[in-house]
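Residue numbers start from 1 in every chain, and the chains themselves are labelled A, B, ... in the order their sequence lines are given, proteins ahead of strands.
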2 protein chains.
Amino acid sequence: MENKKPRVAVIGYGQVGKFALQAIASSPDLELAGVVRRKESLEAELPAELKEVAVTSDLEELKPVEAALLAVPTRVVPGLAQGLLEKGINTVDSYDLHSEIKGHRRRLNSAGKKGGAAAVVAAGWDPGTNSLVRALMETMAPQGLTFTNFGPGLSLGHSTAVRSMPGVQDALAFTIPQGAGLHRRLVYVELEEGAALETVRRQVQADSYFRNDETHVYQVSSVDSLRDLGHGALLERRGTSGRTGNQVFRWEMRINNPALTSQIMVAAVRAGFKQAPGAYTLLEIPLIDYLHGDCEELIQRLV
Amino acid sequence: MENKKPRVAVIGYGQVGKFALQAIASSPDLELAGVVRRKESLEAELPAELKEVAVTSDLEELKPVEAALLAVPTRVVPGLAQGLLEKGINTVDSYDLHSEIKGHRRRLNSAGKKGGAAAVVAAGWDPGTNSLVRALMETMAPQGLTFTNFGPGLSLGHSTAVRSMPGVQDALAFTIPQGAGLHRRLVYVELEEGAALETVRRQVQADSYFRNDETHVYQVSSVDSLRDLGHGALLERRGTSGRTGNQVFRWEMRINNPALTSQIMVAAVRAGFKQAPGAYTLLEIPLIDYLHGDCEELIQRLV
């Protein structure tokens with residue numbers, strides 16, 4: 001039997017795309033088909049790490065492609081994923097608009113069933129692995145309160161959202177935990193010539209990524225010295241198992257954000273190959289499906 | 001459509017059985033069929049909380065029974081589960097001999113397929129939910145070291161193993177974490193008249209529950225004042241996502257042991273109803289299956 005590895009295309013080459021290449025290279029069971037970038041990016045000189053990689057603006061040139069890892073802004077994901085799924089290509093995204101995930105999953109579920117492909121949606125760390133931790137905590141103590149605390153750290157999704165706003169040259173958005181699941185957002189912006197800080201501030205504070213949190217917007221001449229990919233999360237639950245209260249659970253991590261996001265997405269690519277056509281959040285897939293290796297060996301080692 | 005709740009029998013009435021009754025009573029989607037105890041136990045006066053419950057030594061009297069929660073010593077589990085599965089009754093156990101789980105799952109898988117029933121095996125907190133955390137950590141950072149630290153706390157499985165040894169009247173076994181996944185076991189025994197401490201000590205230290213750890217055996221006149229159901233665990237991983245090292249993860253919990261174990265087993269009963277005939281470790285079941293409620297509502301709330 002030929003032991004052919006499935007070929008995975010990375011679409012988009014921001015922070016997550018860059019680290020996704022390393023995560024695919026570290027996965028013994030997956031092969032990189034290539035990277036898809038916008039036409040404009042192809043005109044610039046290739047970064048060194050892409051010299052040995054197929055880079056194109058047209059996915060068709062990378063055929064065969066069994067799955068696509070969508071390292072693109074959240075708001076670009078739905079249309080892109082739908083088209084790929086209908087062509088029979090599995091997708092993985094880290095769509096991060098919590099309130100929209102239900103509808104996103106539903107639409108990709110139809111597209112996947114139509115094209116005979118599987119989508120794994122919201123496969124980052126939040127939404128994503130933190131969602132798994134929240135479900136686990138609730139399994140163990142069904143009544144109680146869970147607090148999800150983010151950071152301190154640079155939020156990629158929030159930064160991208162600000163960067164796309166008119167008047168903004170570049171931007172970085174930091175998340176500062178205040179405890180009990182409350183956060184401050186600190187947004188540092190480089191403005192385009194003639195842009196007014198107050199206009200940008202109002203736009204940021206009205207955006208769905210920011211409007212529920214205390215958000216401060218600061219103008220800086222350059223965001224470069226603020227760039228730091230470290231991030232973290234602390235999930236806490238105190239709850240009741242049966243009728244016994246005071247059951248206490250904590251999940252904490254300190255991580256490089258795009259390295260973790262892309263690693264989780266690569267695990268989701270693997271898991272996607274084991275699912276029937278349709279769309280899945282991480283909650284709907286057995287944990288063993290994310291791991292490389294023989295099922296009984298994994299059970300022996302991890303259970 | 002009739003919305004009939006599946007009926008669950010609790011087999012065994014030690015600590016886990018007792019707390020399982022509370023966990024089932026707190027589950028809006030499950031109904032208690034009754035409790036199965038040994039004939040000898042039925043001769044003693046009923047504990048107050050069993051006055052309103054069907055208690056019998058014969059499962060047949062509780063019919064219909066769709067699932068059995070096996071709150072019995074690990075070494076009794078395999079034979080009991082096999083018989084139930086072949087009769088078409090789902091089982092959940094908290095079988096805790098790590099090295100034997102693969103074979104146990106395989107045998108129950110055959111029995112389940114034969115009887116058209118599903119078994120969820122090793123469904124406690126370790127093996128069990130800690131196994132899920134280990135798998136999650138490895139998904140997020142495939143290369144690295146995970147340390148599982150237990151306690152300090154009273155280990156029910158270890159205590160039961162000692163209690164069944166000749167010469168032992170009663171026993172409690174405590175687990176003390178030493179860091180980096182190493183532990184001391186402190187075993188307190190009440191001896192039967194004429195039993196020699198040294199003989200019991202050697203037997204404990206040779207048992208598969210104890211032989212890999214530094215184990216101390218102490219004789220006491222009564223273990224009652226040592227009884228405390230608190231326990232805990234700390235899982236730590238430092239690993240690499242893609243090619244980025246120093247990714248750090250921690251899972252910590254402080255819990256009432258039988259309350260948590262039985263709550264997890266009840267969640268596994270629920271999940272068992274959603275699986276095809278066969279046997280499953282917690283790793284092989286999507287997390288959403290353990291939770292009560294509508295799939296899209298759970299996604300909305302937890303993802």
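Heavy atoms only, all atoms of each residue included: A:A267 and B:T139 are closest at CB-CG2, 3.6 Å. Counting all heavy atoms, side chain and backbone alike, B:M140 lies closest to A:T129 at CE-OG1, 3.2 Å. Heavy atoms only, all atoms of each residue included: A:A259 and B:S241 are closest at O-CB, 3.5 Å. Considering all non-hydrogen atoms of both residues, A:G242 and B:Q263 come closest at N-OE1, 2.6 Å. Nearest heavy-atom pair across A:L132 and B:L287 is O-CD1, 3.3 Å.
A 6.0 Å sphere centred on CZ of B:R75 holds more than 12 heavy atoms belonging to other residues, nucleotides or ligands. No more than 12 heavy atoms of other residues, nucleotides or ligands lie within 6.0 Å of CZ in B:R106, so this atom counts as exposed by the packing criterion.
For the atom pair B:N257 CG and A:T244 OG1, the distance stands at 11.0 Å (nearest 0.5 Å). The distance from the CG atom of A:L282 to the CD1 atom of B:I288 is 11.0 Å, given to the nearest 0.5 Å. To the nearest 0.5 angstrom, B:L302 atom CG is 11.5 Å from A:N130 atom CG. Between the CD atom of A:E284 and the CG atom of B:L298 there is a distance of 9.5 Å, given to the nearest 0.5 Å. Between the CG atom in A:L234 and the CZ atom in B:R250 there is a gap of 10.0 Å [rounded to 0.5 Å]. In this structure, CZ in A:R105 is found 3.5 Å from CD1 in B:I299, a value given to the nearest 0.5 Å.
Of the listed residues A:Q22, A:R270, A:Q300, A:E296, the one with more heavy-atom pairs under 4.5 angstrom with chain B than any other is A:E296. Of all the listed residues (A:I255, A:T148, A:D126), the one sharing the greatest number of non-hydrogen pairs under 4.5 Å with chain B is A:I255. Interface summary for chain B: among A:L136, A:L229, A:I264, the most heavy-atom pairs under 4.5 angstrom belong to A:L136.
Between A:R254 and B:Q247, the closest side-chain pair of non-hydrogen atoms is not below 4.5 Å. With contacts defined as side-chain heavy-atom distances shorter than 4.5 Å, the pair A:L260/B:F249 qualifies. Taking the side chain as every heavy atom from C-beta outward, B:L283 and A:Y290 never approach each other to under 4.5 Å. Taking the side chain as every heavy atom from C-beta outward, B:P142 and A:H292 never approach each other to under 4.5 Å. Between A:I285 and B:P286 there is no side-chain heavy-atom pair separated by less than 4.5 Å.
Heavy-atom distances place both the backbone and the side chain of B:N256 under 4.5 Å from chain A. With a 4.5 angstrom heavy-atom cutoff, B:R237 does not touch chain A via any of its atoms. Of the atoms belonging to A:T281, it is side-chain heavy atoms, and not backbone ones, that fall under 4.5 Å from chain B. When heavy atoms are compared at a cutoff of 4.5 Å, A:A122 approaches chain B solely by way of its side chain, counted from C-beta outward.
Under 4.0 Å is where a charged nitrogen must lie from a carboxylate oxygen, and between B:E138 and A:R301 at least one such pair does.
A donor-acceptor pair is defined here as one N or O able to donate and one able to accept, closer than 3.5 Å; no such pair exists between the side chain of B:R243 and the backbone of A:S26.
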